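Because the structure is predicted, anything quoted here is derived from the model rather than measured.
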Amino acid sequence: MPQHTSRTYVVTGADSGIGAAVADRLEREGARVLRCGVTEAADVRADLTTADGRGAAVARVRELAPSGIDGVALVAGSADERIAVGLNYFGTVGLLAALRGDLACRSAPRAVVVSSASSLSAGEDDLVDACLAGDEARALAVADRMVARGRGGVIYRSTKIALNRWLRRTAVTEEWAGARIPLNAVAPGIVETGTARRTLLADAASVRVLQDALPQPLGMPGPVEPVAAAIAWLLTPDAAFVTGQVLFVDGGAEATLRGEAPFASGVRYGPLRMARMIAWTVVGRLRSRRAG
């Protein structure tokens, strides 16, 4: 039996692109999908860029699924300077926090957010810090100043950098890992969507810039379906022991740009953790000697 059969999911950004592909795939594999979007076709129609809109979305989800949900795929995002902060970061994080209890009441809950391979590039520290501090008003003010300085193009990747960092902090906490709710991200590269065609891939010069900034050895643009498949797998019961990961589904961009750097040196343990490890090693040896 397919792993999504009889499971209920919330998918944001389900009007088009990756979100629509995820929702379609999950439904084909037997799931009930609550499609969240801004069109009349959406099951949950809400503006996730505002606190009121997020609250309305949560209320509607609970109306449609009063006994809880098995997973969320928060795909909605935008490069539009006017809404990126509210949608990409605060909309995603706010919805996750609000729906955590609805996930926790199910036997195999899963949560997936969509990041971006653009998060490999440097962002705006002030914006990232404001997001991580949970200060939406300050984050919006920083974004406005960036636009005024001609740096609006950095807002999108800054929100995704903040999302990655929030995920790494949050996934291993008692509220998530302690409640057995795996929380992961998928970071697509440039894929074949209508939005990408209208913006990033609109002219040959832009494509040449992207080929240097985000090289994809497997091809540019990439197909949407493998991204949807990765998100769908992270929602399955099989993905029970994966959490806090940012899975780059980017045609090889991350491997090309970062190479072996993430694995070049080992973990550096702090003094307290190191002292605990040494102490328990000594205890273990003493117990072994006594037992012998």
Side-chain angles (χ1 to χ4, degrees), residues 9-20 22-23 33-39 42-62 64 69 71-103 110-116 118-119 123-124 127-144 146-147 152 154-171 175-176 181 183-188 193 195 231 246:
Y9 299 116
V10 173
V11 178
T12 67
D15 296 322
S16 61
I18 295 172
V22 171
V33 177
L34 305 182
R35 295 175 181 247
C36 184
V38 295
T39 67
D43 302 301
V44 179
R45 189 178 182 189
D47 177 4
L48 301 180
T49 66
T50 69
D52 287 346
R54 296 162 207 156
V58 171
R60 179 61 174 157
V61 167
R62 289 175 179 161
L64 294 171
I69 52 178
V72 295
L74 303 188
V75 185
S78 176
D80 188 325
E81 300 165 355
R82 298 165 298 175
I83 64 173
V85 170
L87 182 59
N88 300 354
Y89 185 82
F90 289 97
T92 298
V93 170
L95 218 56
L96 276 174
L99 292 174
R100 194 194 68 82
D102 302 83
L103 291 163
R110 304 286 182 265
V112 185
V113 303
V114 169
S115 180
S116 168
S118 69
S119 64
E124 173 61 52
L127 179 53
V128 173
D129 291 344
C131 288
L132 291 173
D135 191 337
E136 188 166 3
R138 180 159 69 92
L140 290 168
V142 171
D144 285 342
M146 291 171 67
V147 172
V154 183
I155 293 173
Y156 176 80
R157 66 175 180 260
S158 298
T159 62
K160 296 300 188 178
I161 291 167
L163 186 60
N164 290 352
R165 290 178 58 184
W166 177 88
L167 176 99
R168 297 285 286 181
R169 293 180 183 183
T170 305
E175 290 78 10
W176 289 88
I181 309 174
L183 170 61
N184 295 285
V186 168
T193 65
T195 299
I231 294 169
V246 180

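Judged by distance alone, with hydrogens and angles left aside, the side-chain atoms of Asn184 form no donor-acceptor pair with the main-chain N or O of Val112 at under 3.5 Å. The closest donor-acceptor contact from the side chain of Thr12 to the backbone of Val75 lies under 3.5 Å. When atom types are taken as modelled, the side chain of Asp15 and the backbone of Val38 share a donor-acceptor pair closer than 3.5 angstrom. Remark: the backbone N or O of Gly37 is not paired with any side-chain donor or acceptor of Arg45 at under 3.5 angstrom. No donor-acceptor pair under 3.5 Å is formed between the side chain of Ser115 and the backbone N or O of Asn164.
What you find for Ala76 and Gly13 is that their closest heavy atoms are CB-N, 3.6 Å. Nearest heavy-atom pair across Val128 and Ser158 is CG2-O, 3.5 Å. Residues Leu103 and Ala111 approach most closely at CD1-CB, 4.3 Å, considering heavy atoms. Considering every non-hydrogen atom in both Asp129 and Arg138, the closest pair reads O-NH2, 3.9 Å. In terms of heavy atoms, Tyr89 sits closest to Thr159 at CD1-O, 4.0 Å. Between Leu95 and Arg54 the shortest heavy-atom distance is CD1-O, 3.9 Å.
One distance of note links CH2 of Trp166 with OG1 of Thr92; it measures 9.0 Å at 0.5 Å rounding. Here Tyr9 contributes atom OH and Ile69 contributes atom CD1; the two are 11.0 Å apart, rounded to the nearest 0.5 Å. To the nearest 0.5 angstrom, Leu163 atom CG is 8.0 Å from Asn88 atom CG. From Ser118, atom OG reaches atom CZ of Arg157 across 7.0 Å, with rounding to the nearest 0.5 Å.
Contacts classified as salt bridge (charged side-chain N to carboxylate O under 4.0 Å, His left out) and involving residues 92-103 (residues at least two apart or in different chains) are given here: Arg62-Asp102.
Listed by chain and number, the residues in a side-chain contact (heavy atoms from CB on, under 4.5 Å) with Leu140 are Val85, Glu136 (sequence neighbours excluded).
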